[in-house]
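For reference, the structure is listed below as structure tokens.
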2 protein chains.
Amino acid sequence: MARQREFDREKALDAAMHLFWEKGFEAASLSDLTSRMGIQRPSIYSTFGDKKGLFEAALRKYTSAHAAYVRANLQNNSSVKEAFRAFFENIVAKEYGKSPNWGCFCINSMVELSPHDEKFEILTREHQMYLSVIFQETIERGLRSGELESGINAKRLAQTLVVSLIGLTVFMKSRPERLFVDNSVKEILTLLR
Amino acid sequence: MARQREFDREKALDAAMHLFWEKGFEAASLSDLTSRMGIQRPSIYSTFGDKKGLFEAALRKYTSAHAAYVRANLQNNSSVKEAFRAFFENIVAKEYGKSPNWGCFCINSMVELSPHDEKFEILTREHQMYLSVIFQETIERGLRSGELESGINAKRLAQTLVVSLIGLTVFMKSRPERLFVDNSVKEILTLLR
DNA sequence: GTTATAACATACTGATTGGTATGAAATTAT
DNA sequence: ATAATTTCATACCAATCAGTATGTTATAAC
């Protein structure tokens, strides 16, 4: 018994996600958002509450898609070492393919908002914890199959790979020589022995 | 033949540095800055040009102090392995000591500004390159003394430690369980064999 | 003491910020 | 068709933004 919505909520949210990803929370203005989302200001407020609410919805959309991407990538390959190698090299290749490099929306948000807003501190941390679990399960698969040495501490190594991934992603935002990054990936992967 | 400046340029710059460190470039307003620096708006503009100029001066002050800190820390210890262990553990302990955790000003700036401003892309990248050189020199000292295995690639390992340090610093902003970070540090340090 | 110069504090600028009030248009139940 | 309801576009709000114009105050050269 009312007028039907004219815009696609998910498409609009996707546009907001990309803008926040590029610019961060502060630098993305409502004017930017309305033009990129293709909707008017009151539609944003009625649908997402306020700017922070929209940001949170966008970040949640990103993290769930990102987790699915990581999971699919690591399950893709029967060899665990090869899976991690391809995963890291893909990320490097992808980031060097586009210019400029916006990095990871979740990591960007961790840097910008975590110390100022507990909600985002938790949200961004939990995503990294989730990635760590995916990594750990993959490593444990390699232990079971005998591909990895039994002396490996799966949890500890998974945590280290998460930290390394964050470091790589952030550092690539400053566009260092690719050799620097490639070297680091090689060295990190030696931990999978 | 003119009135003398009433404020201490370095003290004012130091206050600006800490505000930008906490809030980032966008979120730190001129009103914030004037009140924290203890000077008036025109003094900022006459001394530092504009907001970006002030930010750049603050970041340069930070990076040079940070580089000196890192250098001093690693030269402090005759054992290279011990020096890196103490260095990483100090950083972790320091970050967990204070709440909230503002991370590293240079890394924060890399995330916020590098993709949007080439000047800061270069400035932040060069600082990481400089840290990498310090790390490399320290590793080479360990190779010469025989403390480290001769098979180690000093440059590659130094680059990896830089990436790991970035990852740790960023991740700690989300205040993960300390065990997570401690585990990562232990695992990373196994690369120094 | 006079004059030139630079730093000072105050107050202001136009533009932009996040957020909202208002009324028209559209849809469905009755 | 009418009434009820929700979305829409437009226009607006006070507050804040980065940056500056202006006039006063202090200093140094002469």
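Computed from a predicted model, the values in this text were never measured in an experiment. Below, read A as the first sequence line, B as the second, and so on, with proteins coming before strands; counting in each chain starts at 1.
With rounding to whole Å, B:Arg3 atom CZ is found 7 Å from D:dT27 atom P. If you take CG of B:Leu33 and P of D:dC17, they are 10 Å apart, rounded to a whole angstrom.
The hydrophobic cluster containing A:Phe20, built from Ile/Leu/Val/Met/Phe/Trp/Tyr side-chain heavy atoms closer than 4.5 Å, also comprises A:Phe7, A:Leu13, A:Met17, A:Leu19, A:Trp21, A:Phe25, A:Leu30, A:Leu33, A:Met37, A:Ile39, A:Ile44, A:Tyr45, A:Phe48, A:Leu54, A:Phe55, A:Leu59, A:Tyr62, A:Trp102, A:Phe105, A:Leu113, A:Phe120, A:Leu123.
Applying the salt bridge (Lys or Arg N to Asp or Glu O under 4.0 Å) test to residues at least two apart or on different chains, none of the pairs has a partner in residues 162-171 of chain A. Here side-chain hydrogen bond (donor to acceptor under 3.5 Å, both in side chains) pairs that include residues 184-193 of chain B, with residues two or more places apart or in two chains, are A:Arg156-B:Glu187. Pairs engaging residues 24-42 of chain B under the salt bridge (Lys or Arg N to Asp or Glu O under 4.0 Å) rule: B:Glu22-B:Arg36, B:Lys23-B:Asp32 [sequence neighbours left out]. Residue pairs meeting the salt bridge (Lys or Arg N to Asp or Glu O under 4.0 Å) criterion with at least one partner in residues 132-148 of chain B, sequence neighbours excluded, are B:Arg71-B:Glu137. The stretch residues 160-181 of chain B participates, sequence neighbours left out, in these salt bridge (Lys or Arg N to Asp or Glu O under 4.0 Å) pairs: B:Arg178-B:Asp182.
In this structure A:Phe180 satisfies the ring pair (Phe, Tyr, Trp, His ring centres under 6.0 Å) test together with A:Phe171, sequence neighbours excluded. By the ring pair (Phe, Tyr, Trp, His ring centres under 6.0 Å) test, B:Phe135 pairs with B:Phe84, B:Phe87, sequence neighbours left out. For B:Gln75, the side-chain hydrogen bond (donor to acceptor under 3.5 Å, both in side chains) test picks out no residue, with sequence neighbours left out.
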Listing time: all N or O pairs from protein to nucleotides 19-22 of chain D that are below 3.5 Å?
{"from": "D:dG19", "atom 1": "OP2", "to": "B:Tyr45", "atom 2": "OH", "distance (Å)": "2.8"}
{"from": "D:dG19", "atom 1": "OP2", "to": "B:Lys51", "atom 2": "N", "distance (Å)": "3.2"}
{"from": "D:dG19", "atom 1": "O5'", "to": "B:Tyr45", "atom 2": "OH", "distance (Å)": "3.3"}
{"from": "D:dG19", "atom 1": "N7", "to": "B:Arg41", "atom 2": "NH1", "distance (Å)": "3.1"}
{"from": "D:dG19", "atom 1": "O6", "to": "B:Arg41", "atom 2": "NH1", "distance (Å)": "3.1"}

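Shown for residues 108-116 of chain B: no residue has heavy atoms falling under 4.0 angstrom of DNA chain D. Scanning residues 4-17 of chain A for heavy-atom distances under 4.0 Å to DNA chain C yields A:Gln4.
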